Amino acid sequence: MERTKGLSNFHTHCELDDGTGTMEEYVLSALSKGFDAIGFSCHAPGTLQDDWHLKKEDFPAYLEEIDRLRSLYRDRLEIYVGLELDFLEDTEELVGSEYKEQLDYTIASVHVMKHAKSGTYLSIDGPQEEFDTLLHDNFHSDIQQFVGHYFSLQERMISLYSFDILGHCDLMKKRNGKGIYFDPNEHWYQKMTNHLLKMVKKHKVRVEVNTGGIARGAIEETYPSMSMIAQCAEMGIPLTLSSDAHQSSHIDYYFSQADDQLVQAGYRNLDVLQHGMWQSVSIV
Ligand SMILES: [Zn+2]
Ligand SMILES: [Zn+2]
């Protein structure tokens, strides 16, 4: 089913972080696809200084460019400024929180864990070897502990901070392929996802359905999985739909299929920013 109205995406990157292309290219792509709104969510500057985060010195230019685009396309597209914030397990810092006042919204994500041996942060979302190093060194190759730790970090983040969107909440499956490390139907895994969603519900967190893993060829389904989306539907947890776009052509990647799956799971509405406020809009 192809939606003709109410299209938006609040999870996008660009050349200022680990995406490619200018912000204007994303705006033009959104316009060409009939979007109502777009939000930019570069990886927040701060503790993690590497090539996938926005540089602190680029933050003013980020805001200025969004302002410029906002004035330029004012009549045709709503443009919002956000950041994707990282939760760090050792300091319990939500990196980038200090920019909140200057933003329209925030996405909170867990991407990294601290590698005990080296004291560096390694990514769950990055190269395979970083995932494997964490699994072997921090968790003695015990995948249940590793996955459990990931979910517990998100729960800790939810209990400590408020934010607008919980990013890719079952990211741990990114390297799992067709069950290389675990079977998501196993009881222990279901118990963990269920525990997370109870926490999400309790703290009134909005969960994103993220098609970025499919867009980048890493996985064949959305974050979170259909079974988690079905649980979200049962629990009345509000969702947003995003593609975590790292290139402008991916701005609506897999959206029509995701819409179908959401409707199948029982959703009739998704949350979007409209006129500066989060609103629940119809997708059917
Ligand atoms: Zn992310
Ligand atoms: Zn992202």
Side-chain angles (χ1 to χ4, degrees), residues 8-21 23 26 29-30 38-55 58-59 62 66 80-89 93-97 99 103-113 121-127 130-131 134 150-151 153-154 157-158 161 163-176 196 200 205-219 221-225 228 239-255 258 273:
S8 59
N9 185 349
F10 301 100
H11 194 157
T12 63
H13 299 274
C14 66
E15 63 184 4
L16 290 177
D17 63 351
D18 61 343
T20 55
M23 284 187 271
Y26 289 73
S29 177
I38 185 175
F40 289 99
S41 58
C42 269
H43 292 288
T47 312
L48 301 173
Q49 293 177 5
D50 47 37
D51 53 9
W52 55 280
H53 285 82
L54 180 66
K55 290 185 176 47
D58 287 340
F59 184 68
Y62 179 61
I66 292 171
Y80 294 97
V81 55
L83 283 174
E84 184 174 11
L85 315 179
D86 283 275
F87 182 68
L88 301 182
E89 59 181 317
E93 177 192 3
L94 189 60
V95 178
S97 293
Y99 297 106
L103 305 171
D104 297 313
Y105 70 99
T106 52
I107 302 173
S109 301
V110 177
H111 295 109
V112 296
M113 287 183 197
Y121 294 105
L122 297 182
S123 179
I124 309 299
D125 204 12
E130 294 195 17
F131 181 95
L134 284 169
Y150 185 80
F151 285 122
L153 290 179
Q154 290 188 92
M157 175 174 80
I158 289 167
Y161 294 98
F163 44 83
D164 297 288
I165 301 170
L166 176 65
H168 43 64
C169 67
D170 62 350
L171 182 66
M172 284 303 287
K173 72 182 177 201
K174 181 171 181 179
R175 298 286 168 206
N176 196 39
L196 173 72
V200 158
V205 171
R206 184 180 293 112
V207 169
E208 87 168 337
V209 173
N210 177 323
T211 63
I214 313 169
R216 296 208 268 177
I219 48 171
E221 60 169 24
T222 56
Y223 304 112
S225 64
M228 283 184 81
L239 301 180
T240 64
L241 176 61
S242 81
S243 73
D244 204 344
H246 285 71
Q247 61 186 71
S248 61
S249 61
H250 283 173
I251 199 132
D252 63 344
Y253 198 91
Y254 203 76
F255 271 17
L273 270 172

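In listed order, ligands and their atoms are each counted from 1. Keep in mind that what you see is a predicted model, and the values were worked out from it rather than measured. All residue numbers in this chain count up from 1 along the given sequence.
- Within the sub-2.8 Å shell of the Zn ion (ligand 1), the protein contributes these N/O/S atoms: Glu84 OE2, His111 NE2, His168 NE2.
- Applying the ring pair (Phe, Tyr, Trp, His ring centres under 6.0 Å) criterion to Phe151, with sequence neighbours excluded, gives Tyr189.
- In this view, Tyr253 satisfies the side-chain hydrogen bond (donor to acceptor under 3.5 Å, both in side chains) rule with no residue, not counting sequence neighbours.
- The side chain to side chain contact (heavy atoms under 4.5 Å, CB included) check on Ser41 picks up His11, Tyr105, Ile107, with sequence neighbours excluded.
- Relative ring orientation between His246 and His13 is described as parallel, the plane-to-plane angle staying below 30° on a 0-90° scale split at 30° and 60°.
- Side-chain atoms of Asp86 and His111 include a donor-acceptor pair closer than 3.5 Å.
- Using modelled atom types, one finds no donor on one side chain facing an acceptor on the other under 3.5 Å when comparing Glu130 with Ser123.
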